[in-house]
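Encoded as structure tokens, the structure appears first; notes follow it.
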Amino acid sequence: MENKLISDRIKDRILKADSRALMKGAGFTDEELARPFIGIAGSWTNVFAGHVNLDKIAQAAMDGVRMAGGTPISFNTISICDGIAMGTDGMKYSLPSREVIANSVESIANAHACDGLILIAACDKIIPGMLIGALRVNIPSIIVTGGPMIAGNYMGKRIEVINLTEAVGTVLAGNLDAAVLSEYEDEACPGCGSCQGMFTANSMSCMTEVLGMGIEGNGTVPAVHAKRFRMAKQAGMQILKLVEADVKPSDILNKASFENAVTVDMMLGCSTNTALHLPAIARAAGVKLNIDDFDRISKKVPHIAKLSPAGKHLLQDLDVAGGIPAVLKAGIDAGLVDGSAKTITMKTIAENVKDKKILDADVIRIDNPYSKEGGLMVLKGNLAPLGSVIKSAGVKPEMWEHTGPARVFDSEQEAREALEAGKIKKGDVIVVRYEGPKGGPGMQEMLAITAKIVGMGLDTEVALITDGRFSGASRGGAIGHVSPEAALGGPIALIEEGDMIEINLNKRSLNLLVDDATMKARKDKWKCPPPKVKKGWLAQYAQLVGPVSMGAPMMTEYDNE
């Protein structure tokens, strides 16, 4: 290596003999200490399917690093499964864990003087957390994800985890036997991988390819495919080239990169959580990206793929159809994607995908889109002056315009209990507030509610709005990220039981049908409730977290925004 290595500061033969001794105590040789140190940031755990294969992928990445003449430095960070935590207080820790993950990557990369990083992750907040950490240290980095799970099989039909979640609501409605639910349970998750549809984990994995930070295939190659190990080895070899050329994340990630990500997001109808994570990653890159960018791009980008939960196709189908490279090539040809954006291959996106083709026009419908506008929408109005987000791709036509009485709950648990007790009626608009980043704290996902609404057959007759968020598996009239959140005194805090709420996707509007004078009187009387959590990490998080419209970043006294 011609460039002086960052790791030299901890392995100088004279000044850092003590450090060298400690590393030799771990088995390192002089030859290994002379090579570039590549941090292998893993997130393996044995408790859930999305990450259970990451130890093997990390090992493959280390093999690639060694083949290319580097020394892998392995470490792990935490990983929470939203599917397991959903509907419990444990879900409060999901979004805050993004910051713990970013802090972990930043801490080890700086403290142990890594020359480069390979990030190994699979699920929603872990992927953005690792990218944020890598951007903070700004050393050559590549991300390799674990891949989506393949479909299960029940009685000759494909089944996925969302079928099981929605089946709970069907059981509660008395339309499915509990014994069948148990059979679903055995078949829905046939092996390792992130949940099969275009939920948040797979959405963010696809985004790594579009941003230029991920290995080709990250988004769609099934977790069980041997390609995953080859991809990890390729990353291990490629990272040494990036270190030699000193190509850092800041050289790749710019406004064009993020606008490409939002564009593909809209083309595929990804999770609403991309509107939370992409702005946060952009912020770490020094790029301004907000909800208005999503709205602007959504209006000009067609929705070309309907993946579960919006449609019948799964990530394995998108992979066979050509994957993200085929989508990018189609986007470039249509003038939607900026092909000049740089990538970890040290080539542009256009160069990377120049020979890619759509192999199944039923899955990727560039010539026959589902709609002329993107699969996510930003709704604004007097109820969400700073915006709210809905996965329009997953909304049936009957719910594009809906007006109904508010059923107001100050926590996700209260709303869930009311739904399970049969207290929600056709036409209602469920309001779940004080569940934003600060009020929750932690901005819980509400798949436990939305899936039950679908399972009960109410998804064309009941809407849900919240300052919290939804799983990428949610569908129906589910509007999240309502901003400002209730804990900041946003209009959602002033809704009273029975107030009429008007939702209109055609007009991109969300309005409370209450006059201004009444709203002012309510605002004058409003007092923020005491914090739900008063000790531990969540209490600290609630004090420091910024608004959801900025991606819920951690704010400090040095922030000038």
Side-chain angles (χ1 to χ4, degrees), residues 92 94-103 106 124-125 127-136 200 203-204 207 211 249-250 253-255 257-259 261-262 265 270-298 376-380 383-390 433-445 466-470 479-493 510 528 538 540-561:
K92 294 179 183 292
S94 173
L95 181 58
S97 76
R98 186 182 72 185
E99 310 310 319
V100 178
I101 294 159
N103 293 345
E106 175 189 354
D124 16 25
K125 85 299 302 178
I127 292 171
M130 285 195 168
L131 288 173
I132 291 168
L135 277 160
R136 289 178 186 170
T200 310
S203 295
M204 290 310 305
M207 293 299 100
L211 287 170
S250 61
L253 295 173
N254 53 32
K255 186 70 171 181
S257 306
F258 287 101
E259 293 209 346
V262 176
D265 185 349
C270 294
S271 166
T272 54
N273 284 315
T274 56
L276 183 67
H277 294 314
L278 286 174
I281 299 168
R283 178 182 169 84
V287 174
K288 289 187 177 181
L289 184 76
N290 59 41
I291 202 168
D292 292 329
D293 292 307
F294 282 74
D295 192 42
R296 170 176 55 82
I297 293 171
S298 173
L376 299 184
M377 276 189 185
V378 175
L379 308 183
K380 289 188 176 182
L383 187 45
L386 295 182
S388 60
V389 183
I390 186 169
R433 62 190 181 191
Y434 296 106
E435 290 291 9
K438 185 175 291 291
M443 205 178 184
Q444 297 189 83
E445 290 181 351
T466 180
D467 54 5
R469 62 191 179 116
F470 298 108
I479 302 169
H481 303 210
V482 173
S483 186
E485 64 172 288
L488 295 175
I492 192 171
L510 177 61
C528 186
L538 285 179
Q540 298 172 22
Y541 178 84
Q543 292 177 23
L544 294 173
V545 68
V548 67
S549 55
M550 294 170 57
M554 299 296 276
M555 308 293 285
T556 74
E557 61 183 302
Y558 301 106
D559 284 296
N560 295 318
E561 297 185 43

Find the distance between [atom1] ([X]) and [atom2] ([Y]) and round it off to the nearest 0.5 Å.
X      : Y      : atom1 : atom2 : value
Asn103 : Arg136 : CG    : CZ    : 5.0 Å
His481 : Thr466 : NE2   : OG1   : 9.0 Å
Met207 : Leu278 : CE    : CG    : 6.5 Å
Gln444 : Phe470 : CD    : CZ    : 12.0 Å
Ser388 : Leu510 : OG    : CG    : 5.0 Å

For the pair Ser257 and Asn254, evaluate side chain to side chain donor-acceptor pair (under 3.5 Å) and give the outcome as yes or no after the intermediate values. CA-CA 5 Å; Ser257 306; Asn254 53 32; 3.1 Å; yes

Please identify each residue that fulfils side-chain contact (heavy atoms from CB on, under 4.5 Å) with Ala285, with sequence neighbours left out.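 If we apply the side-chain contact (heavy atoms from CB on, under 4.5 Å) test to Ala285, skipping adjacent residues, the hits are Leu135, Leu253, Phe258, Val287.
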
Output all residues satisfying side-chain contact (heavy atoms from CB on, under 4.5 Å) with Asn290, sequence neighbours left out; order by chain, then residue number.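 For Asn290, the residues satisfying side-chain contact (heavy atoms from CB on, under 4.5 Å) (neighbours in sequence not counted) are Asp292, Asp293.
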
Where [X] and [Y] come nearest, the two heavy atoms and their spacing:
X      : Y      : value
Arg98  : Ala552 : NH2-O, 3.0 Å
Gly387 : Lys380 : CA-CG, 3.7 Å
Ile479 : Val482 : O-CG2, 4.4 Å

Got a sec, which residues hit side-chain hydrogen bond (donor to acceptor under 3.5 Å, both in side chains) with Tyr541, two or more places apart in sequence or on another chain?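 In terms of side-chain hydrogen bond (donor to acceptor under 3.5 Å, both in side chains), with neighbours along the sequence ignored, Tyr541 is linked to no residue.
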
State which residues pass side-chain hydrogen bond (donor to acceptor under 3.5 Å, both in side chains) with Ser94; sequence neighbours excluded, sorted by chain then number.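 Checked Ser94 against side-chain hydrogen bond (donor to acceptor under 3.5 Å, both in side chains); matches are Asp82, Arg469.
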
Between [Y] and [X], is there a side-chain heavy-atom distance shorter than 4.5 Å?
X      : Y      : result
Leu376 : Ser298 : no
Met554 : Gln540 : no
Ile127 : Leu131 : yes
Ser203 : His277 : no
Leu276 : Met443 : yes
Asn273 : Leu95  : no
Ile281 : Met204 : yes
Ile390 : Leu379 : yes

Test your reading of the model: is there a side-chain donor-acceptor pair from [X] to the backbone of [Y], 3.5 Å cut-off?
X      : Y      : result
Asp467 : Tyr434 : yes
Asp265 : Ala261 : no
Lys125 : Pro96  : no
Lys255 : Lys288 : yes
Thr200 : Asp124 : no

Name each donor-acceptor pair under 3.5 Å that joins a side chain in residues 483-491 to protein atoms two or more places apart or in another chain, with its distance.
residue	atom	partner	partner atom	Å
Glu485	OE1	Lys438	N	3.4
Glu485	OE1	Gly439	N	2.9
Glu485	OE2	Lys438	N	3.1

Apply salt bridge (Lys or Arg N to Asp or Glu O under 4.0 Å) to Arg433 and list each qualifying residue two or more places apart in sequence or on a separate chain.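 Applying salt bridge (Lys or Arg N to Asp or Glu O under 4.0 Å) to Arg433 gives Asp410.
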
